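Below you'll find the structure, written out as structure tokens, and then a few comments.
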Amino acid sequence: MSIDFVKIGEKWQKRWEKDKIFETNAEEIKNIENPDKFYITAAFPYLNGVLHAGHLRTFTIPETIARYQRMKLKRVLWTFGYHVSGTPILGLAELIRKRDKHTLWAYNTLHNIPMEELLKLDNPKNIVKYFSGRATEAFKKMGFSLDWRRNFTTDDGTFKKFIEWQFLKLKEKGYIKKGSHPVRYCPACDNPVEDHDLLEGEDTNLVEYVLLKFKIKMDINGIEEECIIPMATLRPETIFGVVNGWINPDRKYVLIKVYGEVEEVEDGKDKKDKKNKENKRDEENRLNYKGIWIVSEEASEKLKNQGRIIEKIKEIKGEELIGKTIINPINNREVPLYPAKFVDTEIGTGCVMSVPAHAPYDYVALRDYYRSIGRELNENDLISLINIEGYGKYPAKEIVEKINIKSQDEENKLEEATNKIYKDEFHKGILNENCGEYSGIPVKNVKDKLTRDLIKKGIAEILYEFSDPKVVCRCGCKCTVKTVKGQWFIAYSSEEWKKEAHKCVDKMKFIPESIRNEFHNKIDWMKDKACARRRGLGTKLPFDENWVIESLSDSTIYMAYYTIAKTINTNNIKEEQLLPELFDYVFYGKGDIVEISNRTGIPKEVIEEMRNEFLYFYPLDWRCSAKDLVSNHLTFMIFNHVALFPEEFWPKGIVVNGYVTIEGKKLSKSKGPVLPVEEVAQKYGPDVGRFYITTCAELSHDADVKFKEMDRVRDNLNKFYQFAVEVSDVSSEGIEPLEELSIIDRWLLHKLHKTIKIADESYSEFHLRKIGILFYELIKDLRWYKRRGGNNKKLLKLVAETWVKIIAPITPHLSEEIWEIFNKEGYISLESFPESNEQYINEELELGEEFIVSTMEDIRRIIEIAKIKPKRIHLYTAEYWKYEVLKIMNKNKDKNIKEIMPIIMKNPEFRKYGKEIPKLINELMKIGIKPVIDEVEILKNGKTFLEREFGCEIVIDGEDKNNKKRFSIPYKVAIYLE
RNA sequence: GCGGGGGUUGCCAAGUCUGGCCAAAGGCGCUAGGUUGAGGGCCUAGUCCCAUAGGGGUUCGGGGGUUCAAAUCCCCUCCCCCGCACCA
């Protein structure tokens, strides 16, 4: 007879729902400092598919903890919303509308959507509706104890009002900025390209080239004009060592007039001016003339894409530039332009500066060039700018000679040499006396500062380039880097904001603790984040309706919205009523409630309820998520909280779990496996799924779902059920007083109370795997108890009653079912967690059983090796003085052997065993320093048991046969088989 | 490159913070026995090598060190995974 986990799942879910036992309301606040509440959330799911095994793991963790805290009699707020902002849902709708074959296949088979239903999902609205329905279904089928009145999607009008309020506040605080921003762009599609729209080059990064504006005199229409020849480099510090420039003589270069746009500075105050600024005539005036530039033809396109307006004057061939003099803007040094074929005009500007002291390419190219004009390159031609340990003044020269590079054609060798030199110089190099005010600064620290300084002086600019030129859009066209103008940013780079965020991280709790540091690092790394996009679902920026708030930016403080969502939803409050003043009152207590009530048309009491819900449940106690959100969402959450809420409402803790794979395979929404949550519920039943997913791996580790192991979980839960059924008709009332219980009963009671204690701690530390281990231990203990002859029905019932509560947070349906079988009143979900009683905890009982086990193992071992079938087994406990030694060791646990030895030897009684003592101590160390137990008593008590086990007579401390007794030490009896 | 996490006995996976009960939990697989008379079953024992009395030997990516004692602490080194953003 076994239990149907699916059936009991449905049974109890129906009852819970009918009785609304998981709906939570704030209490009238008595003590804001320490209310009896517990507020936990998980990062809500993005709904472009069904919930999968990864969601199951991340969400079951807080679900279990919520149930545990409820049993600790806290008022628990635990609910879910759905994330639908951004472009993926739009993209999915598009694919379904186009009847994309792969998409239809994936959603039909992997996400389990009937084709008829699937074909209707050709617009975002239907997708949101469909998947939110499926998600809700999945949560319910897994028995999640959620307050559904607080559910919403990020596309709901009411939620959008909340986000508008958030962004207005951020702007007021000066954390919203406007600027330009480089993006990956497809010229054919005329659109920014997202990761999933790429055919090739997903791993490509943007690299910042520094353009150093060298001067050059050029003849234009008969007039000599001063032009700019921008040298592109990744190592701006080498500007101090330039001895010439390189031009590819065979390629096309252009002379262009370059204008930069004056950045519009948005300080949030001059909204009235804004309209004027957009006026065309004004735009002309905002152009900033930057002179005539000479760059490769390809580079001129890039400049155009990256915020410069250009006007072409004429084209020339590279060779026309050869031999001309260019002027280094940092020191006005005049150097010549030489030809070099290695110059790739597709990279940078097609103009390269030559630093032969530190760049192997330059060194070899210059040597080649000099040789072609009949002279030899020597050290006087080089300018050293970096001192580096292990190298002389001219590292490039050194390495070229060392690995014997003969000419520019030896590209592999040159590449190798360059990598080596760059790496060494970057990590170990220090700028030398040729670098003016920068001398003495390590290379690795100088780049940013120098670049900033040079830009400020007007002698440098930035040009973005892909780290790998092969970036191809889905349409087949090569992508470029384009600067988006007028982009809105959240100013996460702000130093004071970072300071607050660090402070918050310092105060928070983290599980695992090691991620705390990751948050600190991430905060330091934060740059301004583009927070709005041209398309996608979500909220429009309240102050610029051309932009939609980007999806990671509209989900940073929504936990605050959960607290009031119930009031908004149940009172059917309309979005128009949710004015910013209302949120100001609810979250800040600002403004006059009567006035706000009049303005919004929301009754005063309702507003007060919202205020109270927020005050009661905030701050958030725990935020749960998988580890992929650490570097984005979770960090943003911290930033936004510290910006928008006073310190007492900052989040208190973050829990991060690892990923999930299925039979070793990564999850994939489009390729599988997915393992929809509903499938787990239907195939295994909710409790089996919940137990497995919370206990199959350590929290922070990745978990690999193995179906076979899930079967085992089902078997073990079933075993527990059988055990409960067996004792269901006895009462746990009237168990004998402790002194009258048998050793093995006392042992079981000890184990039970110790387990409660450990389970309690484990739950509060999110150590759910431990609960699983304890559960398996219980099964093992019960087996041992029976084997040892234990059969106290009342006690067994007590164990069952206690354990059914201990695992209730993980297997609530099974627990309810057993609770009902036990004829208990009410729901176990609302019962209180068992409490451990110290009076039953006695470690010696456990040591005693371990002693029996190890004795049995020893006997069995001897039987096996000696191949004897004993007629009689003699057991000898150790001589008295050996226990005395162990006692001394127990008293001096903190001391090492060297220190203990003299303490023992101080006692003259032990001196006569002088030679034996060090050996004994060593052996005892091996066994471990355990308290002395009454071994004779324990053996006597277990005699019958041992005789049954071995099928022969056991003699304890009888006649010393074969002189065995002397080998006995504490915890290790001497054995003689007869 | 920067930042983070890892490498344990056939496999999965504890142990590492707080050195000694660590030849190293637990699970899977495998082997033997029992129970049962078939059907994902239960129980017991074994599963690095050697050993006819509980012993010995070699192990925890590799190398070195500290210590009476190291999977655990320190130094060096090799390998694997993840993140580096505007994308959820």
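Letters A, B, ... mirror the listed sequences (proteins, then strands); counts begin at 1. Since we're looking at a predicted model, the values are computed, not measured.
Proximity of A/Gln487 to A/Lys178: side-chain heavy atoms (C-beta onward) are nowhere separated by under 4.5 Å.
B/C48 sits 37 Å from B/A38 when the C1' atoms are compared, rounded to a whole Å. Look at the C1' atom in both B/C79 and B/U8: the space between them is 16 Å, to the nearest Å. A gap of 39 Å separates the C1' atoms of B/C21 and B/U36, to the nearest Å. Using atom P as the reference point in both B/C80 and B/U16, the two lie 27 Å apart (nearest Å).
At the heavy-atom level, A/Lys972 lies under 4.0 Å from base atoms of the strands shown. Within 4.0 Å (heavy atoms only), A/Ser85 reaches sugar-phosphate atoms of the nucleic acid but no base atom. Here A/Ala974 lies in heavy-atom contact (under 4.0 Å) with a base. Contacts of A/Arg714 with the nucleic acid, taken as non-hydrogen atoms under 4.0 Å apart, include base atoms.
Among B/G54, B/C12, B/C86, the nucleotide with an atom closest to any side-chain atom of A/His181 is B/C86. Of the candidate nucleotides B/A85, B/U44, B/U52, B/U52 has the atom nearest to the side chain of A/Ile865. If you check B/C86, B/G29, B/A85 against the side chain of A/Lys708, the one that comes closest is B/G29. Distances from the side chain of A/Arg787 to the nucleotides B/U44, B/G4, B/A88 place B/U44 closest. Distance from the side chain of A/Pro88 is smallest for B/A88 among the nucleotides B/C12, B/G3, B/A88. When the nucleotides B/A88, B/A53, B/G40 are ranked by their closest atom to the side chain of A/Ser551, B/A88 comes out on top. The side chain of A/Trp525 lies closest to B/G1 when the candidates are B/G1, B/A88, B/C43. The side chain of A/Ser631 has B/G83 as its nearest neighbour among B/G83, B/A88, B/G3. Nearest nucleotide to the A/Arg860 side chain, out of B/C43, B/A45, B/G3: B/A45.
Salt bridge annotation for A/Lys719-A/Asp715: absent, with no cationic side-chain nitrogen under 4.0 angstrom from a carboxylate oxygen. Classification of A/Lys706 and A/Asp704 as a salt-bridged pair holds, one side-chain N sitting under 4.0 Å from a carboxylate O.
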Output a table of nitrogen or oxygen pairs between the protein and nucleotides 69-72 of chain B separated by less than 3.5 Å.
none

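For A/Asp858 against B/G54, a side-chain N or O and a base N or O form a donor-acceptor pair under 3.5 Å. A donor-acceptor contact under 3.5 Å is formed by the side chain of A/Lys529 with the base of B/C86.
In this structure A/Asn521 satisfies the side chain to side chain contact (heavy atoms under 4.5 Å, CB included) test together with A/Asn517, sequence neighbours excluded.
A parallel orientation is assigned to the rings of A/Trp497 and A/Tyr175, their planes being inclined by less than 30° (bins at 30° and 60°).
Minimum interatomic distance between A/Phe131 and A/Val50 (heavy atoms only, all atoms of both residues): CE2-N, 3.8 Å.
Each of A/Leu847 and A/Arg769 lies near RNA chain B, and the nucleotide nearest A/Arg769 is the one positioned closer to the 5' end. Mapping A/Met856 and A/Asp704 onto RNA chain B by nearest heavy atom places A/Asp704 closer to the 5' end of the strand.
Aromatic rings from A/Tyr692 and A/Tyr684 are positioned such that their centres are separated by 6.0 Å or more.
A/Lys447 NZ: more than 12 foreign heavy atoms inside a 6.0 Å radius.
Note on A/Arg948: every side-chain N or O is 4.0 Å or more away from OP1 and OP2 of B/U44.
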